[in-house]
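Written out below as structure tokens is the structure these notes cover.
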2 protein chains.
Amino acid sequence: MNSGKTIHRKKRSQIVQNCTCFNLRKASRAVTQLFDEALKPSGLYATQFTLLAAISSQEPVTITKLSQALVMDRTTLTRNLNPLQKEGWVEVVPGEDKRTKTLSLTRSGTKVLKVAMTHWNQVQSQVVKTLGTGNWEELLNILSLTIKKLNPY
Amino acid sequence: MNSGKTIHRKKRSQIVQNCTCFNLRKASRAVTQLFDEALKPSGLYATQFTLLAAISSQEPVTITKLSQALVMDRTTLTRNLNPLQKEGWVEVVPGEDKRTKTLSLTRSGTKVLKVAMTHWNQVQSQVVKTLGTGNWEELLNILSLTIKKLNPY
DNA sequence: TCTATTTACGTGCATATACTCCTATTATGA
DNA sequence: TCATAATAGGAGTATATGCACGTAAATAGA
């Protein structure tokens with residue numbers, strides 16, 4: 001026989017197990033830890049690798065525009081740029097519209113990105129292999145759908 | 001005809017688009033923003049709601065054990081507990097093993113969790129509806145698989 | 001033209017995340 | 001028993017995230 005408390009405990013356990021937000025964040029933590037570890041030799045965190053690659057593929061790009069592409073708050077992007085600027089990997093210059101700032105990679109930023117890509121390829125392949133190609137494709141597809149449907153921007 | 005630079009740009013764009021880590025984090029940001037907004041009336045962030053619910057379903061539980069269940073670094077959990085302790089929602093007491101600390105909800109913690117559950121139910125339902133039930137189930141399943149296969153703990 | 005609004009961005013503040021190094025307690029095994 | 005190893009946890013440091021509020025530049029409209 002179950003006490004009322006036990007029933008509530010089970011209920012709350014179900015909530016945690018079913019929470020879309022919790023499961024996404026949990027999976028993010030697991031995968032981020034893998035990528036951070038794999039990218040260590042390059043001196044980049046996973047987030048920083050993403051930023052450099054995104055800038056590389058869109059430069060010159062303004063802060064607001066890039067932040068929307070990344071589904072990231074504008075101010076978060078600004079702060080995430082700081083360590084990259086300190087390292088001399090990203091150049092931030094005023095745009096033609098004096099309100100804006102445009103981002104681009106420096107030569108040294110391009111270099112570190114190139115090194116990081118080797119390690120990225122390895123860990124990405126490892127993840128695809130571990131999940132199985134079919135599962136990985138399903139994951140990416142459903143994440144894209146989720147972003148598309150729930151993205152506030 | 002494409003220049004070498006254009007080709008590289010496309011390549012890097014593909015990398016960002018296909019990166020497992022980037023897509024998971026991006027989706028996490030989108031969904032977390034939704035849940036944070038929905039839970040605002042309760043005074044909880046999404047992460048804090050998760051923590052309270054997890055403690056509620058496992059109390060009394062030690063820090064290390066809970067951190068493993070959440071796929072979260074032990075020290076991260078310790079720090080995430082601080083605001084919850086300050087608010088008087090979580091009680092931290094030494095365990096029988098004097099090295100450990102056991103976590104449990106206070107009466108006030110149980111109360112705020114109950115209020116938050118109402119809002120959680122709403123936003124969770126909204127997400128399921130927006131994605132479509134089938135897609136949502138697929139998302140949860142593939143996230144579970146990902147966590148299971150890639151979880152370092 | 002000139003004012004009001006919109007847009008782009010930064011800062012202060014708070015929480016989230018994890019690595020490294022450290023202490024205290026428990027367990028092990030010679 | 002006692003020294004050593006293993007375990008649980010905390011503090012310092014750094015990055016990641018986003019809200020509220022404020023400033024400067026561009027735009028719209030009278």
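Within every chain, numbering begins at 1; the chains are lettered A, B, ... in the order of the sequence lines, protein sequences first and strands thereafter. Since the model is a prediction, treat every value here as computed from it, not as a measurement.
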* **Presence of A/Thr76 side-chain N/O under 4.0 Å of D/dG18 phosphate oxygens OP1/OP2** => yes
* Structure fact -> A/Asp36 CG to C/dT20 C1', in whole Å, measures 15 Å
* N/O (side chain, B/Thr62) to phosphate O (OP1/OP2, D/dA8) under 4.0 Å -> no
* To do: Tell me which nucleotide among D/dA25, D/dG18, C/dT15 gets nearest to the side chain of B/Thr47.
  => C/dT15
* Asked: Given that B/Gln48 and A/Ile63 both sit by DNA chain C, which one's nearest nucleotide is further toward the 5' end?
  -> A/Ile63
* Position toward the 5' end of DNA chain C (nearest nucleotide), B/Lys86 or A/Thr32 -> B/Lys86
* Asked: Phosphate oxygens OP1/OP2 of C/dT20: is one of them under 4.0 Å from a side-chain N or O of A/Lys40?
  -> yes
* Asked: Do you see a donor-acceptor pair shorter than 3.5 Å between the side chains of B/Thr47 and A/Arg25?
  -> no
* Between atom OH in B/Tyr45 and atom P in C/dA14, what is the gap in whole Å? -> 10 Å
* How long is the line joining CD of B/Glu37 and P of D/dG18, in whole Å? -> 13 Å
* Asked: Is B/Thr75 side chain donor-acceptor paired with the C/dC19 base, going by distance under 3.5 Å alone?
  -> yes
* Asked: Which is true for A/Asp97 with a 4.0 Å heavy-atom rule: it touches a base, it touches only sugar-phosphate, or it touches nothing?
  -> sugar-phosphate
* Asked: If we ignore angles and hydrogens, is there a donor and acceptor under 3.5 Å between the side chains of A/Ser28 and B/Ser28?
  -> yes
* Taking all non-hydrogen atoms of both residues, which atom of A/Ala116 and which atom of A/Leu44 are closest, and how far apart? -> CB-CD1, 3.6 Å
* To do: Taking only the side-chain heavy atoms of A/Asp73 (C-beta and beyond), determine which of C/dC9, C/dT15, D/dC19 contains the nearest atom.
  => D/dC19
* Interatomic distance where CG belongs to B/Leu34 and C1' belongs to D/dC19 [whole Å] -> 16 Å
* Hey, does the side chain of B/Gln33 come within less than 4.0 Å of D/dG18's phosphate (OP1/OP2), counting only N and O? -> yes
* Counting only distance, no hydrogens or angles, is the base of D/dG10 paired donor-acceptor with the side chain of B/Arg79 under 3.5 Å? -> no
* Asked: Which sits closer to the 5' end of DNA chain D, B/Arg29 or A/Lys98, going by the nucleotide each is nearest to?
  -> B/Arg29
* Structure fact -> Shortest non-hydrogen pair, B/Leu145 vs A/Asn135, comes out as CD2-ND2, 3.3 Å
* Asked: According to a strict under-4.0 Å criterion, is A/Asn80 in side-chain N/O contact with OP1 or OP2 of D/dT15?
  -> no
* Asked: Any side-chain heavy atom of B/Phe49 sitting closer than 4.5 Å to one from A/Ile15?
  -> yes
* **Whole-Å distance separating the CZ atom of B/Arg25 from the C1' atom of D/dT17** => 9 Å
* Starting at CE of B/Met72 and ending at P of D/dT17, how long is that distance when rounded to a whole Å? -> 15 Å
* **C/dT7 OP1/OP2 closer than 4.0 Å to side-chain N/O of A/Lys101** => no
* Send over the distance from B/Arg99 CZ to C/dA27 C1', rounded to a whole Å. => 7 Å
* Structure fact -> Taken to the nearest whole Å, CD/A/Gln68 to P/C/dA8 is 8 Å
* Under the 3.5 Å rule, do the base of C/dG10 and the side chain of A/Arg74 count as making a donor-acceptor pair? -> yes
* To do: State plainly whether one hydrophobic cluster holds both B/Leu66 and B/Val92, where clusters connect Ile, Leu, Val, Met, Phe, Trp and Tyr through side-chain heavy atoms under 4.5 angstrom apart.
  => yes
